[in-house]
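So the structure is just underneath, and the comments pick up after that.
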Amino acid sequence: MATSSSWVAGGFQTDFARNWARAGHGFAELFQAVTTGTLDASGINPGDIGVIHVGNAFGQLFTGQGQLGGMPATVDERLWGVPATRHEAACASGGTAILAAMADLESGRYDVALVLGAELERTVPGDQAAGHLGAAAWIGHEGQQAKFMWPYMFSALADEYDKRYGIDDAHLRAIGRLNFDNARVNPNAQTRNWTFTDASFTDDDAANPPVEGRLRRNDCSQVTDGAAGVVLVSDRYLAAHPDLARRSLSRILGWGHATVGLSLEQKLRHSADQPYVLPHVRKAVLDAFGRAGIGGVADVDGIETHDCFTMSQYAAIDHFGITAPGESWKAVESGELAIGGRIPMNPSGGLIGGGHPVGATGVRMLVDAHRQVTGQAGPYQVPGARTFATLNIGGSTTTTVSLVVGAAS
């Protein structure tokens with residue numbers, strides 16, 4: 001158990017449907033929006049920010065801009081001189097930025113941390129964007145035959161599940177439908193106004209075209225511009241500012257973090273004789289549960305998980321322990337993953353419905369978990385939620401970050 005805590009004072013997310021490049025905007029405008037929005041949501045005096053952590057994976061590839069740790073002070077001179085670091089762990093960049101901020105607070109080095117995640121991906125055509133995102137694989141060693149790297153890799157993960165346990169692609173389509181349906185009521189979701197038919201979630205080649213292998217268009221998350229932010233504070237800061245305790249705070253109860261090799265083949269070889277296809281993901285989840293002092297998934301009220309593809313959410317279901325290994329389909333069929341079900345998953349719409357600006361995703365998950373346990377999730381609120389879990393992965397689960405977030409009291 002951690003000897004000290006990190007508290008979420010507030011969080012903010014930009015509208016993930018917005019195309020910042022089309023509007024003629026770049027990282028400066030995106031960081032201005034997320035920095036201002038996050039500070040306003042937290043109620044924290046900007047002069048109290050002791051450290052800044054920024055999650056961003058592909059800034060140089062999509063825009064040519066690096067050194068994004070310096071962007072918060074560039075757009076808000078109230079942050080001039082505050083130490084800042086950019087973190088890159090592919091799609092888990094935001095998760096690792098959160099962990100670094102927590103470590104700073106819990107060590108006593110700082111008492112208030114601003115954590116921002118941001119990505120611009122709509123600066124180039126879709127095929128080129130897919131190529132940039134593929135940089136998180138083991139380049140030159142895997143996926144050389146793929147047109148689209150990540151659908152290819154997660155189709156291969158589905159094939160591995162099929163080999164070990166059997167898998168029905170209809171369950172993948174149902175996960176996609178669930179997340180798009182949830183996104184309809186999320187005012188920041190990228191796909192909230194998209195139109196679908198029943199055929200959009202079938203193997204109809206016109207309504208749901210193949211992308212790579214067994215994955216189709218509506219099995220895939222979105223190419224997205226956007227940012228999210230939180231302000232974290234320490235026990236010491238909270239004790240010194242009793243007025244803050246009257247706000248809607250949440251507490252990060254537990255965390256898990258694992259990193260393994262880059263290639264998917266290497267991961268699958270390591271797990272060949274184990275019940276979980278990705279045992280390091282299972283360990284990260286169990287570490288988060290253990291540090292939170294809870295017995296397992298039955299003790300959480302909902303989950304925001306990494307559905308870069310329907311297959312990654314399918315894998316998350318059994319790795320969270322909602323079902324036995326290889327039996328994720330049971331939770332899909334039962335309806336227990338829907339809002340109002342036993343264990344709602346991605347009430348926000350996740351990455352498929354909500355959008356996936358890579359460096360922002362892990363932070364956005366924490367924002368949504370915070371909103372859920374403080375009763376501020378609005379139309380996608382899980383009734384009575386007090387504890388939420390998150391799972392943020394980078395690459396083919398090369399980097400895994402899991403959090404458990406609870407209400408303040």
Side-chain angles (χ1 to χ4, degrees), residues 16 55-58 62 88-96 117 119 121-122 126 129-137 142-143 146-161 171-173 175-180 182-183 189-191 211-226 228 260 262 264 267 277-278 280-281 284-285 303-317 319-320 328 345-346 348-365 368 390-402:
F16 283 5
N56 173 266
F58 300 113
F62 281 96
E88 186 278 307
C91 303
S93 298
T96 58
E119 208 77 59
E121 300 173 9
R122 302 173 80 179
H132 289 343
L133 296 169
E142 60 179 349
K147 180 179 181 182
F148 301 108
M149 176 69 81
W150 290 114
Y152 173 88
M153 299 295 281
F154 280 88
S155 178
L157 180 61
D159 289 343
E160 183 70 16
Y161 260 79
H171 294 124
L172 302 182
R173 312 290 178 253
I175 288 171
R177 183 168 209 158
L178 174 65
N179 291 341
F180 281 118
N182 286 347
Q190 184 172 356
T191 72
V211 177
E212 286 277 1
R214 62 204 307 159
L215 296 190
R216 293 173 176 267
R217 180 174 62 196
N218 292 328
D219 291 305
C220 303
S221 61
Q222 312 310 318
V223 174
T224 313
D225 293 344
V260 295
L262 283 166
L264 178 61
K267 297 176 180 74
V277 177
L278 301 163
H280 59 283
V281 174
V285 168
I303 295 169
E304 283 289 332
T305 197
H306 204 99
D307 59 312
C308 48
F309 301 95
T310 53
M311 186 58 222
S312 55
Q313 182 165 338
Y314 190 90
I317 293 168
H319 284 69
F320 265 106
S328 298
M345 191 171 256
N346 286 345
S348 69
L351 287 62
I352 287 173
H356 183 28
V358 170
T361 286
V363 183
R364 192 278 305 162
M365 289 178 179
D368 270 317
T390 72
L391 181 64
N392 182 206
I393 63 172
S396 54
T397 71
T398 296
T399 302
T400 303
V401 177
S402 183

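Sequential numbering from 1 along the given sequence is applied to the chain's residues.
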Audit row: E119, D225, side-chain contact (heavy atoms from CB on, under 4.5 Å) steps and yes/no: CA-CA 6 Å; E119 208 77 59; D225 293 344; over 6 Å; no
Minimum heavy-atom separation for [X] and [Y], please, with both atom names.
{"X": "F148", "Y": "A130", "result": "CD2-CB, 3.6 Å"}
{"X": "A284", "Y": "T400", "result": "CB-CG2, 3.8 Å"}
{"X": "T390", "Y": "S402", "result": "O-OG, 2.8 Å"}
{"X": "L262", "Y": "A136", "result": "CD2-O, 3.9 Å"}
{"X": "Y152", "Y": "G143", "result": "CE2-CA, 3.9 Å"}
{"X": "E88", "Y": "A57", "result": "CG-O, 3.6 Å"}

For the atom pair [atom1] ([X]) and [atom2] ([Y]), what is the distance rounded to the nearest 0.5 Å?
{"X": "F154", "Y": "L215", "atom1": "CZ", "atom2": "CG", "value": "9.5 Å"}
{"X": "W150", "Y": "S396", "atom1": "CH2", "atom2": "OG", "value": "5.0 Å"}
{"X": "M149", "Y": "E212", "atom1": "CE", "atom2": "CD", "value": "9.5 Å"}
{"X": "T191", "Y": "N182", "atom1": "OG1", "atom2": "CG", "value": "10.0 Å"}
{"X": "L264", "Y": "E160", "atom1": "CG", "atom2": "CD", "value": "8.0 Å"}
{"X": "L172", "Y": "R214", "atom1": "CG", "atom2": "CZ", "value": "7.0 Å"}

Is the closest side-chain heavy-atom distance between [X] and [Y] below 4.5 Å?
{"X": "T305", "Y": "F320", "value": "yes"}
{"X": "I175", "Y": "D307", "value": "no"}
{"X": "V223", "Y": "R122", "value": "yes"}
{"X": "H319", "Y": "L391", "value": "no"}
{"X": "L278", "Y": "I393", "value": "no"}
{"X": "L351", "Y": "M365", "value": "yes"}
{"X": "M311", "Y": "D219", "value": "no"}
{"X": "H356", "Y": "H306", "value": "yes"}

Short side-chain to backbone donor-acceptor contact, N392 and C91, under 3.5 Å: yes
Main-chain N/O of A137 paired to E142 side chain as donor or acceptor, under 3.5 Å: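 Between the backbone of A137 and the side chain of E142 there is no qualifying donor-acceptor contact (under 3.5 Å).
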Derivation and outcome, side-chain contact (heavy atoms from CB on, under 4.5 Å), residues I352 and T310: CA-CA 8 Å; I352 287 173; T310 53; 3.6 Å; yes
side-chain contact (heavy atoms from CB on, under 4.5 Å) between R216 and R173, worked out: CA-CA 9 Å; R216 293 173 176 267; R173 312 290 178 253; 3.7 Å; yes
Pair H280, T397: side-chain N/O donor-acceptor within cut-off below 3.5 Å: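 Result is yes, a qualifying pair exists.
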Donor-acceptor side-chain pairing of E304 and S348 below 3.5 angstrom: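 Indeed, the side chains of E304 and S348 share at least one donor-acceptor pair under 3.5 Å.
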Parallel, tilted or perpendicular: ring planes of F62 versus H132, cut at 30 and 60 degrees: perpendicular
